[in-house]
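Here's the structure, in structure tokens; my notes come after.
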Amino acid sequence: MKRFVCLGLLPILMWACGDENNGVKPTDQDYSSSSVEQLPVSSSENVLQSSSSVKTTLVSSSSSADGSALESSSSSRNGEDVVSSSSLSDEPAEPASSSSSLPIIENGDTTKISYALKPFKGPLANPHKGFTLLTEGAWNFIPEFEYGPNVNGAWKLISYGSGYQRWDKLNPGKGVYDWSELEDLLNVLQEHGLGYALRVFPYSPSYILGEGTPTSEYDWTPTWVYDEGAKKVTAVFEDNGAHAQVPAWDDPVYLKYAKEFATALAAKYDGDPRLEYIDVRTFGEWGEWHVSHLDGSEMPSLKIQKELLDHYASVFKKTLLALPSDGYGEIYTYALSLGITKRDDGFIGIPGTADSLVRAYEAGLPTIAENIGSYEAMLSFDNKSYMRWTPERWVHEITTAHLTYYVLEQESDCGYRIYKENKALADSMTHVIGYNFMVQQAELLTITGDKGTANVLNISVKNTGIAPCFFDVYIVAEFVNSDGEVLEQLGETVKVEKKTFKDGDVRKFSFAGVVPARQTNVAALPGVNVALSMYESEEAYKAGKNPTVRFDNDGLQGNNKLMLKQ
């Protein structure tokens with residue numbers, strides 16, 4: 001069913017949906033040419049003469065003629081959505097009695113401006129998706145750090161940092177929590193426009209250097225937990241044969257305090273906008289839910305694993321949780337049922353890793369991956385036990401897994417080397433990973449009648465990425481002057497619900513407003529352009545903040561708004 005914005009006897013067809021280019025990567029194609037033309041009523045594909053004798057009125061989407069609140073309306077046609085930022089009435093309307101009601105436009109002359117649109121060149125980092133680099137402390141940002149933002153071009157690709165924290169440092173005493181170092185890191189990342197992916201390790205065998213290595217070097221379960229009665233086992237570290245003390249992962253005292261820590265962590269950080277996601281790292285080496293290198297240590301039962309996930313899901317209501325790399329089989333299925341996604345550290349090297357992550361994508365959750373080793377190590381794999389890193393394989397694995405998040409390195413130089421040797425490819429993949437919004441068509445219709453002028457902006461937007469957008473997006477259209485200063489908003493803000501703008505989808509949006517007769521139509525002033533913006537909240541727009549989400553189009557301004565020029 002077609003939907004119309006009705007302007008007096010002159011209904012404007014809200015775009016019919018056509019076939020779009022379904023390729024993953026953006027192209028250099030111009031989607032339309034910039035032009036201004038006078039349209040006779042009978043010739044425009046978007047402006048049709050009404051055959052109905054019923055007069056109709058365009059009113060504001062914020063209120064109806066009687067002052068009651070109205071919502072932006074939408075419909076779906078052939079799998080593509082049509083969204084209007086104006087509410088419509090097809091019943092006879094009383095004369096406008098308030099400023100929120102807009103006058104009838106009858107027998108108007110129509111002008112159409114079509115905008116030229118091209119893809120954005122270079123890396124396009126956007127929030128809540130994309131690459132990350134290791135950021136283990138505020139020191140990552142000091143000028144002296146050899147792989148910091150001043151020298152490492154890979155920082156241009158990232159939208160969040162990633163690293164680990166020690167359980168014993170965050171929870172030094174029973175009921176005692178020290179968030180100070182983590183807070184310092186979160187704050188410095190926020191200052192640089194970055195989020196953080198948090199992992200809290202109970203154990204790290206990497207630091208078992210030999211038989212005499214102090215337990216505190218590798219066992220990061222708080223000492224007081226053992227003082228409370230938690231048990232340990234002795235295991236042999238296969239890398240060097242050293243005997244090491246390991247928590248008994250199924251010990252009830254250990255489990256009690258692991259859950260208490262999760263509760264405290266959620267009380268402090270659930271819903272914190274600085275956090276992208278939190279790995280559930282309670283069991284095994286590096287908290288990865290395996291004991292592959294510790295002969296004598298065993299993972300807890302499936303029942304205990306499920307109970308632990310149940311607890312995390314019960315205390316974290318807002319922040320995304322991730323099951324670590326070796327959580328496969330039934331526990332993976334169970335995690336998905338709780339809304340906990342999957343992260344895998346075997347990416348690129350282990351065959352089938354990307355295919356396994358597809359399960360999380362199909363469950364409507366963002367997928368997370370980390371390279372299996374350093375870049376140098378991945379280049380040396382022989383393709384027998386592990387697959388070698390190649391540019392072609394890199395692209396294939398990323399797209400197969402429908403990645404939203406990608407931890408680019410396990411060593412501080414990985415991202416640096418990958419970017420140095422594959423700059424153009426890495427830049428292009430920022431347009432592919434996660435969501436990617438590209439405006440494919442844009443038209444401004446101006447209808448001038450005896451009682452006023454209507455401005456209607458129709459745009460077509462495609463998600464050319466490989467995953468849905470997992471947060472709400474608010475789209476705003478504004479008239480701006482040649483310096484980008486806002487003159488007025490066109491229509492109302494349109495909200496796009498999280499998970500609804502899926503990869504490959506095309507959405508049609510319309511923003512409409514009417515200027516009464518004898519009032520200045522800002523759209524007709526010299527040097528006036530249209531700017532499009534995407535916000536993470538409507539409050540941010542109302543507060544005058546710059547948008548954080550960028551369209552994948554040429555014409556992006558320094559404030560992240562997309563300028564549509566004639």
Side-chain angles (χ1 to χ4, degrees), residues 20 22-25 79-81 126-132 159-160 162 195 197 276-280 288-289 309 312-313 316 318-372 387 393-408 428-438 462-473 496-507 549 552:
E20 303 291 343
N22 291 319
V24 172
K25 293 186 178 181
E80 298 176 345
D81 291 330
N126 261 323
H128 314 308
K129 56 157 277 185
F131 292 114
T132 179
S159 60
Y160 71 108
S162 179
E276 288 295 328
Y277 56 85
I278 296 177
D279 281 21
V280 182
E288 290 182 347
W289 292 54
L309 292 186
Y312 263 85
F316 281 97
K318 301 175 182 178
T319 300
L320 177 68
L321 299 173
L323 180 68
S325 51
D326 276 67
Y328 288 119
E330 186 173 343
I331 195 62
Y332 185 3
T333 301
Y334 191 71
L336 295 180
S337 73
L338 297 175
I340 299 174
T341 193
K342 186 67 167 65
R343 167 200 172 101
D344 207 307
D345 294 353
F347 207 61
I348 304 300
I350 300 178
T353 299
D355 296 299
S356 175
L357 287 172
V358 172
R359 292 184 59 198
Y361 165 79
E362 292 175 343
L365 295 168
T367 57
I368 308 168
E370 180 176 339
N371 289 335
I372 190 172
M387 301 293 289
R393 179 168 172 74
W394 198 50
V395 173
H396 178 270
E397 297 298 282
I398 288 172
T399 54
T400 297
H402 292 271
L403 284 188
T404 290
Y405 295 105
Y406 190 171
V407 183
L408 197 57
S428 72
M429 294 310 292
T430 63
H431 300 252
V432 174
I433 294 178
Y435 67 86
N436 191 68
F437 297 134
M438 181 183 292
K462 183 174 183 178
N463 180 359
T464 59
I466 54 174
C469 181
F470 290 102
F471 59 98
D472 295 337
V473 174
V496 182
E497 298 280 352
K498 63 182 178 181
K499 298 186 181 183
T500 62
F501 207 151
K502 299 181 179 180
D503 42 306
D505 281 358
V506 176
R507 304 289 294 270
V549 185
D552 185 7

Seminar exercise, completed: Applying side-chain contact (heavy atoms from CB on, under 4.5 Å) to K502 and not counting sequence neighbours gives P468, D505
For this session: Could you pull out all residues at least two apart from D355 that satisfy salt bridge (Lys or Arg N to Asp or Glu O under 4.0 Å)?
Result: none
Exercise. Between N463 (side chain) and G504 (backbone), is there a donor-acceptor pair under 3.5 Å?
Worked result: no
Seminar exercise, completed: Sorted by chain and number, sequence neighbours left out, side-chain hydrogen bond (donor to acceptor under 3.5 Å, both in side chains) with Y160 holds for Y277
Seminar exercise, completed: Sequence neighbours excluded, the answer for side-chain hydrogen bond (donor to acceptor under 3.5 Å, both in side chains) partners of E397 is none
Exercise. Can you list the residues that meet the side-chain hydrogen bond (donor to acceptor under 3.5 Å, both in side chains) rule with N126, with sequence neighbours excluded?
Worked result: none
For this session: Could you tell me whether the side chain of S356 and the main chain of G352 form a donor-acceptor pair under 3.5 Å?
Result: no
Problem set entry | Minimal non-hydrogen separation, I398 against M429, with atom names | CG2-CE, 3.8 Å
For this session: Mind jotting down which residue pairs meet the ring-ring contact (aromatic ring centres under 6.0 Å, His included) criterion with at least one end in residues 323-352? Sequence neighbours excluded, please.
Result: F347-Y406
For this session: Write down the atom of L323, the atom of I340, and the distance for their closest heavy-atom approach.
Result: N-CG2, 3.6 Å
Problem set entry | Point-to-point distance, once rounded to the nearest 0.5 Å, from CD of E276 to OG of S159 | 6.0 Å
What pairs of donor and acceptor atoms, side-chain ones from residues 359-368 against any protein atom, are under 3.5 angstrom apart with sequence neighbours left out?
| unit_1 | atom_1 | unit_2 | atom_2 | d |
| --- | --- | --- | --- | --- |
| R359 | NH2 | T333 | OG1 | 2.5 |
| Y361 | OH | D503 | OD1 | 3.2 |
| Y361 | OH | D503 | OD2 | 2.8 |
| T367 | OG1 | A401 | O | 3.1 |
| T367 | OG1 | H402 | O | 2.9 |

Exercise. How would you list, by chain and number, every residue that makes a ring-ring contact (aromatic ring centres under 6.0 Å, His included) with F501, sequence neighbours excluded?
Worked result: F437
Exercise. Less than 4.5 Å apart, any side-chain heavy atom of T500 and any of R507?
Worked result: yes
Exercise. Are side-chain heavy atoms of L320 and Y405 found at a separation under 4.5 Å?
Worked result: yes
Exercise. Who are the salt bridge (Lys or Arg N to Asp or Glu O under 4.0 Å) partners of K342, not counting sequence neighbours?
Worked result: D344
For this session: List for me each residue that meets side-chain hydrogen bond (donor to acceptor under 3.5 Å, both in side chains) alongside D345, sequence neighbours excluded, and say none if there are none.
Result: R343
For this session: Flag the pair Y435 / V473 as yes when at least one side-chain heavy-atom distance between them is below 4.5 Å, and no otherwise.
Result: no
Exercise. Any donor-acceptor pair under 3.5 Å linking the side chain of N371 with the backbone of L408?
Worked result: yes
Exercise. Do T132 side-chain atoms and S162 backbone N/O form a donor-acceptor pair below 3.5 Å?
Worked result: yes
Problem set entry | Value rounded to 0.5 Å, distance of CD1 in I466 from OG1 in T399 | 6.0 Å
Exercise. If every non-hydrogen atom of V549 is compared with every non-hydrogen atom of P127, which pair is closest and at what distance?
Worked result: CG2-CG, 3.9 Å
Exercise. Do K129 side-chain atoms and L403 backbone N/O form a donor-acceptor pair below 3.5 Å?
Worked result: no
For this session: Only counting residues at least two apart or in another chain, list the ones meeting ring-ring contact (aromatic ring centres under 6.0 Å, His included) with F470.
Result: none
